[in-house]
J.: 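Can you keep this structure in mind? I'll have questions shortly.
Heavy atoms only: backbone and side chains are in, while hydrogens, waters and symmetry mates are out. Atoms within a ligand are numbered from 1 in the order they appear, just like the ligands themselves.
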Amino acid sequence: MCGTFLFIFFVVSAPERLLTLLDTRTVPGELKWAASPSEGGWEEVSIMDEKNIPIRTYQVCNVLEPNQNNWLRTDWIPRSGAQRVYVEVKFTLRDCNSLPGVTGTCKETFNLYYHESNEDKDSYIKESSFIKVDTVAADESFTQVDVGDRIMKLNTEVRDVKVTNRKGFYLAFQDVGACIALVSVRVFYKTCPLTVRNLATFPDTVTGADTSSLVEVRGSCVNQSEEKEEPKMYCGADGEWLVPIGGCLCNPGYEEKGAACKACSVGFYKAKSTDTGCSKCPPHSHSLREGATVCDCHSGFFRADSDPFSMACTQPPSAPQQLISVVNETSVVLEWAPPRRLGGRSDTSYSLECLICQTGSQLCLPCGSDVLFAPGQTGLKTTRVVVSELRAHTHYTFIIHARNGVSQASGAGAAQSVSVTVTTNQAAPSPVSAIQASDVTRHSLLLSWQQPDRPNGVILEYEVKFYEKDQRERSYRIMRTFSRSVDVTGLNPLTVYVFHVRARTAAGYGEFSAPFEFSTNSDPFPLIGEGVNSAFLLLSISGVGILHLHNIFLILLCVPPSPPSLSLLFLLSSVAGVKIYVDPFTYEDPDQAIHEFAKEIDVSSIHIERVIGMGEFGEVCSGRLRVQGKREIYVAIKSLKAGYSDKQRRDFLSEASIMGQFDHPNIIRLEGVVTRCKPLMIITEYMENGSLDAFLRKHDGQFTVIQLVGMLRGIASGMKYLSDMSYVHRDLAARNILVNSNLVCKVSDFGLSRVLEDDPEAAYTTRIPIRWTAPEAISYRKFTTASDVWSYGIVMWEVVSYGERPYWDMNNQDVIKAIEEGYRLPAPMDCPVVLHQLMLDCWERERAERPTFSQILNMLDKLIRNPGTLRRTGGDRPTPTMLDPGVCVPEWSVCVWLQSIGLERYRDTLAAAGYTSLENLLALTHQEMDRLGIITPSHQDILIASVQQEMLSQMQHMQHTMVPV
Ligand code: ACK
């Protein structure tokens, strides 16, 4: 309140209102006030006022007589709630000097009294009960009044008095010997008038009792408004409003106009109680009625709960685009482009649904909780996810949903998602855990363990590595076994041994387990249990180097003896480590091979639909295959045309015998064969996009580099599988790669190996695919995995150039000659430098210098993981010319030097990476070379050693030439 007083001088309202309690001028007829004495004192006289209206006055003029005490009392005046009343008296007074012959008895004042009372008492005046208000004298401001023929001066005096104790009061006028006429008496009080301030109404308020009192008044909010802060004002004694505090705000849907709250017009809204006006509806919304608190969204547009009402209405996003999947063993990299329509919002996020699908059925279930998603599965802001810990060799469907803040409100679902189905590759098993020892003696123990958590395939074998703890790993032994336990013998007594176990599937070995330590004891016999047979291998390394396993393989097989057969051969090769492919031509009876590796299909379960092309032996058709108990699938059907020879039949079926041995997501899958009726048929999975070369030509320039590398990775993975099985393809080319609807590439066409073997003149006939074949295979039929790698380099070139013919229209003889002279295909247009470098590596003259498929796969995986490395291209090459092996500008020292060490193939790579001088090259490290795609270890060593040597000799030369003259 202290603060309030500081402000009371600020008058904030209209002037006071005066409410009259008594006005003698308006009283009709006589006043008949009580006078004492009733005779000879105050006398009621009617006169005409200045406007000629009759009024009642009281007069007294006993100036010549001493000791006058004449009282005149008004009637009882109800105070009507007033606390302080004002008495305005208009009177005339004769100047004593103007009266002839008056003595000292003449007075020029009168006294005003009041007395509070609850009721109208009798006319008796008890003078002592009256309280004096004031002695009233005439003041200087006189108004002239015409009284008969005399001009009199009219005084106006106002006195105020507090009347708070009773319901009403009397006033009394005491004359003590003056000559006075009370022309009029008016009694009134003041109020602060009804007013609206800050949207609060303050009622008409009677002022307080004291001249300094402030009456605190609480306002009430006007219609359609609410209190912001309690509205208050003070009513001052003189009827003026002071110090407004607080106030009200118009309700939502209303705005302030002329001290009232008015509804917002159509097309406008106000969402909150604020002092702002109504706003226009934001884009894609409307209000159809007055007083809208929010604008409704147009049909098809939505507002999220968290969206402010001032924000435009928006839409859910469309589906993500261009979903690419790249499978890397049991991980999948998914990448997509943002939706074409973001719906007017910037809060698009993605979530990934992972479904695991059964082979040959449409039944898919959510993936388990062990699958990992990086950076996450939901609420993704990025458009790339790496899904790992998937099961090997399994079909998965991934659905990417795009959402934004209004997706839920709109109820949008499947329309905003895109999906892809992939098949994971084979992967090595996870490490073995929990190894135990039992039946411990002084020289042996029985080691046992659990199957790995994720075997990722059928476990073919376990490998146990162990060594004496003191020896560390300087000398260790290895045992192999099919079972989950092994009898370890030949140990030293009372010695601590460290054991590691790892499992192997068709995809190779998994990681070794953590070390487990067990000690032999001094007992000659085990206390419990008995040993198991095992394959046993002793391997000793003595710190110098590791001997190749095959040099010292000693396999003790515990299989029952059986006649030597291909089955045993197959088993042997499996036991030794890797499943190898069996040449069907080693079977005397080709039908035995075909029935060992391919399933006979009943022709009635095949429904041929159309011819899709011509194969070497006859038509290739597409159709459907329904095997009992399985879902119907689309298949490709190769048939052997009528009138075939025995040799043709054998060659035709050999492809199926080969294909039937393979099981890999990047190798075309054989469904079965029809041999029991004619025509003979080979049924394979159907690849919707046909052969890769034609497919790329049809979609020239339409894929991202990552998509192209994804295709190459698939082919490399299939080829690695074939090379691990010791199968040499001999006809690897884009035309022999098939592409399915998910852009998965699969190696097919397993017919050529036999054809070339049969035909010693093949190199000089049109049958050999010269442009794809390594020089040693052309010249002396040295077909190896390394020659397949050469062909793979050509496939890379075909892929990156979208199906261009290798060496364009050069003839075969010119191609052979050019390759012989060291020419190589240049990088196709927009080809990343690292990819061309990898091609050049595949085209090394020395086949031992070419990378293996495993290295190629690793390299491509690295590129996929770091797509930035693919950005650097060698620029456009408008004219297709061969990469010149010998031209170096002499002043380009790096090029000349590279030529001198036989590694000029790296000139473009190094130049593009900024290595333009030998000094720069001193900084070259193995890691940097890995990054640049210089992956051949011997090349890396030569580059590092030679640059140091070169710099040294240059410095020595300078020292010589700088000898002082
Ligand atoms: O390029 P294309 O359409 O794909 O034409 C050839 C044709 O048959 C002769 O080989 C197509 N073809 C071969 N095997 C299959 C398959 N498994 N799925 C789909 N098309 C195939 C090939």
J.: Does any donor atom in the side chain of T330 or T424 lie under 3.5 Å from an acceptor atom in the other side chain?
T.: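 There is no such pair between these side chains.
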
J.: Counting heavy atoms only, which part of E688 comes closer than 4.0 Å to ligand 1: side chain, backbone, both or neither?
T.: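 No part of E688 is near ligand 1 at this cut-off.
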
J.: Return the closest protein heavy atom for atom 18 (N) of ligand 1 as residue, atom name and distance.
T.: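 Of every protein heavy atom, M687 N, 2.9 Å lies nearest to atom 18 (N) of ligand 1.
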
J.: Among protein heavy atoms, which sits nearest to atom 13 (C) of ligand 1, and what does the distance come to when rounded to 0.1 Å?
T.: V620 CG1, 3.9 Å

J.: Which residue owns the protein heavy atom closest to atom 17 (N) of ligand 1, what's the atom, and how far is it?
T.: E685 O, 2.9 Å

J.: Is it possible for you to check whether R735 lies under 6.0 Å from the centre of the six-membered ring of W772, through NZ or CZ, and within 45° of that ring's axis?
T.: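 Because its charged atom sits under 6.0 Å from the ring centre and within 45° of the axis, R735 does stack over W772.
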
J.: Which of the numbered atoms in ligand 1 are under 4.0 angstrom from any heavy atom belonging to G690?
T.: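 Those qualifying, in numeric order: 3 (O), 4 (O).
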
J.: Within the 4.5 Å heavy-atom criterion, are W336 and V385 side-chain neighbours or not?
T.: yes

J.: Which residue supplies the protein heavy atom nearest to atom 15 (C) of ligand 1, what is that atom called, and how far is it?
T.: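 Answer for atom 15 (C) of ligand 1: L738 CD1, 3.6 Å.
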
J.: Quick check on side-chain contact (heavy atoms from CB on, under 4.5 Å): which of I399, V420, T383 does L323 satisfy it with?
T.: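 Among the candidates, only V420 passes.
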
J.: Who's the nearest protein heavy-atom neighbour of atom 9 (C) of ligand 1, and how far?
T.: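 Its nearest protein heavy-atom neighbour is M614 O, 3.6 Å.
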
J.: What part of K638, side chain, backbone, both or neither, has a heavy atom within less than 4.0 angstrom of ligand 1?
T.: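 Looking at K638 and ligand 1, no heavy atom falls under 4.0 Å.
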
J.: When you measure from atom 4 (O) of ligand 1 to every protein heavy atom, which one gives the shortest distance, and what is it?
T.: S691 N, 3.2 Å

J.: Ring centres of F750 and H729 under 6.0 Å apart?
T.: yes

J.: In the complex you have, is atom 21 (C) of ligand 1 within reach of the protein, judged by whether a heavy-atom distance drops under 4.0 Å?
T.: yes

J.: Starting from atom 7 (C) of ligand 1, which protein heavy atom do you reach first, and at what distance in Å?
T.: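 Its nearest protein heavy-atom neighbour is G613 CA, 3.9 Å.
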
J.: Using a 4.0 Å cut-off to any heavy atom of T684, which atoms of ligand 1 qualify?
T.: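 Numbered from 1, ligand 1 contributes 17 (N).
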
J.: Tell me if the aromatic rings of F853 and Y721 count as close, with their centers under 6.0 Å from one another.
T.: no

J.: State, with a plain yes or no, whether a side-chain heavy atom of P832 is found less than 4.5 Å away from one of T869.
T.: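 The answer is no, as the side chains (C-beta and beyond) never meet within the 4.5 Å cut-off.
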
J.: Would you call V705 and L863 a side-chain contact if the rule is heavy atoms closer than 4.5 Å?
T.: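 Heavy-atom side-chain distance check fails, nothing below 4.5 Å.
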
J.: Under a 4.0 angstrom heavy-atom cut-off, which atoms of ligand 1 come close to Y686?
T.: 18 (N), 19 (C)

J.: Which residue from S622, A636, S748 reaches closest to atom 16 (C) of ligand 1 through any of its heavy atoms?
T.: A636

J.: Under the criterion side-chain contact (heavy atoms from CB on, under 4.5 Å), which of L355, I356, T421 is the partner of C364?
T.: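 When side-chain contact (heavy atoms from CB on, under 4.5 Å) is applied between C364 and each of L355, I356, T421, only L355 qualifies.
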
J.: Should Y686 and S622 count as side-chain neighbours, where that means a heavy-atom distance under 4.5 Å?
T.: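 The answer is yes, as the side chains (C-beta and beyond) meet within the 4.5 Å cut-off.
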
J.: Quick test: of every protein heavy atom, which one is nearest to atom 5 (O) of ligand 1, and how far off is it to 0.1 Å?
T.: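 Closest protein heavy atom to atom 5 (O) of ligand 1: I612 O, 4.2 Å.
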
